[in-house]
Amino acid sequence: MAGSDDGRLTVDDLVAWMFRFDERIAAEADRLTALDSAIGDADHGTNIARGTGAVRKRLADAPPDDAGALLKSSGMALVSTVGGASGSLYGTLFLEMAKSVGPTPELDTAGLADAFRAGVAGVVARGRAEPGDKTMVDALQPAAEALSAAAEGGRPIVESLREAAAAAALGRDATIPLVARKGRASYLGERSADHLDPGATSAAILVQALADARSERIG
Amino acid sequence: MKKFIDAPSEVLADALKGVAAAHPELAVDFADRVVARANPKPGKVALISGGGSGHEPLHSGFVGPGMLDAACAGEVFTSPTPDQMLAAAQAVSTGAGALFIVKNYTGDVLNFEMAAELAEAEGIAVKTVLVADDVAVEDSTWTAGRRGVGTTVFVEKIAGAAAEEGADLDAVHAVATRVSENGRSMGVALTSATLPSVGKPSFDLPEDEIEMGVGIHGEPGRTRAPLTSASEIAETLVSAILADHDFTGAPVIAMLSGLGGTPLIELYLMYGAVASLLEQRGVTVARVLVGDYITSLDMAGCSLTLLRADDEMLRLWDAPVSTAALRWGV
């Protein structure tokens, strides 16, 4: 029900999430690329923006009927357009979430928390990165934990998503002193410390975009 | 920075048009960004590689009889995607299976891994050889592991010749693995590289400094050092490689590749310095390539690759090859 916190995440909310993600990535693309330029290969913003643009176009052209189909369609668009490790990892996040939710019209906090945890587990398995390796996992894992804790505590979905976004932001900022152990930044060794990780930064944007998109529906 | 560009976002697509126009013997799939042999040889193991663009002639310049069957082109410095690799496998596999030749970068590894799962699901047998030959990456336990650089060219040539002769997937995979395990590389950059979509150098490198142990994606290297003489730079490259693997007592194939922005006269000068160092240290070079074979856009610099070969590798190296960038015996 629009206009109140009905505790649900509908297909429209998920579409709004993807659109918001695309807007935020487009706005932050240059900054993401600048972060990547310091410790990677200077293309993270460009690549992610190409992918979120493709997701937006795909969802606008062929709006999926259920949450699982939407997440799968978004994941496939990311895998096939982003390239690099990010494409495969963001794609895996969405494809694993899609498998977890299945053909349902809407999710509650617990369903979303389960799906997000499954997605993050997929990212960890595919990328073989642990928390603390200075990767997107450093933002995603705390967000997944915050979401699960909120679901267990029976908190409303908007509040749960705000907590997840705050946890992702903290995890993102905690990558600054870390020495990278995975991905291209790892080649720099100690020189990768004192830099914000671009993957954790875009992952925090992803979580924030969901919190923003869902809280806007409340008005 | 001045570059030949119509539209920054269309650089790869526009370059592929040029590849198709220049090489009618190749089939260019513009939608999937796959460059393939127009007429795959029936019953032959299909050799498929790919990677980010910006390293030309790697990989599309090595597609043709005696080398690769298909190359997937990613965006500049960005791995291609699983759907591209699957399209390549479907286009060129003729029932004998496919060998994926993958440079060890996280993106390439993850995407080829997804592609292998998809291809297997389509009934195409896939084996993968990973190239991780860059000795500049010292601590491979706490990094993504050694990068794949120049040895990739040797794997593509030698495994390509084996496949052309009719070796089966296991045999092609075995010789490819042997080449991968016996090749070592080290690179040095005099300047950074400029991505067409970014328009400014990937990292700042002052006029009087060089990046030792640089990768091929514009990422900084092992150490930054003061610019010194060519002979001293050659000494550093040779020493790092010889410290990592025994190259004595076997024929060696050497490649001194430019990184895209260094004139051939300087590459030959560097190779002269390298050759005399190798001779002093008892390394017998049997075959040599000097030129731009694996590049990093417009980066000035070079990368040295040595392969500890054997008689079979040498025979396969000498076998006929007919590609845009490597052609002999035909």
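Just so it is clear, the values below take in all heavy atoms, side chains as well, and ignore hydrogens, waters and symmetry mates. Chain naming here is simple, since letters A, B, ... match the order of the sequence lines and numbering starts at 1 in each. For clarity, every value in this text was computed on a predicted model and none was experimentally measured.
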ask   = Taking atom CG of D14(B) as the centre, does the number of heavy atoms from other residues, nucleotides or ligands within less than 6.0 Å exceed 12?
value = yes
message = Less than 4.5 Å to any heavy atom of chain A: does that hold for the side chain of S192(B), its backbone, both, or neither?
response = neither
note = Nearest heavy-atom approach of V82(A) to T78(B) is O-CG2, 3.6 Å
message = Taking atom NZ as the centre, does K200(B) end up with more than 12 heavy-atom neighbours from other residues, nucleotides or ligands that are less than 6.0 angstrom away?
response = no
request  = Might you confirm whether atom CZ of F30(B) has over 12 heavy atoms from other residues, nucleotides or ligands at distances under 6.0 Å?
outcome  = yes
ask   = With only heavy atoms counted, which part of E113(B) is less than 4.5 Å from chain A, the side chain, the backbone, both or neither?
value = both
query = Checking V109(B) against chain A: side chain, backbone, both or neither under 4.5 Å from a heavy atom?
reply = side chain
Other residues, nucleotides, ligands: >12 heavy atoms within 6.0 Å of D61(A) CG = yes
key: Contacting moiety of V179(A), where chain B heavy atoms sit under 4.5 Å   = neither
key: Choice from D204(B), T106(B), L110(B), D108(B) maximising heavy atom contacts with chain A below 4.5 Å   = L110(B)
message = Taking side chain as everything from C-beta outward and backbone as N, CA, C, O, which of these in D32(B) sits under 4.5 Å from a heavy atom of chain A? Side chain, backbone, both or neither.
response = neither
Most contacts with chain B, counted as non-hydrogen pairs under 4.5 angstrom, among G83(A), S80(A), G45(A), G91(A) = S80(A)
query = Hey, does S197(B) have a side-chain heavy atom less than 4.5 Å from the side chain of D43(A)?
reply = no
inquiry  = What I want to check is whether the side chains of S88(A) and N111(B) have a donor and an acceptor closer together than 3.5 Å.
reply    = no
task = For residues T92(A) and M114(B), determine if any side-chain heavy atom of one lies less than 4.5 Å from a side-chain heavy atom of the other.
result = yes
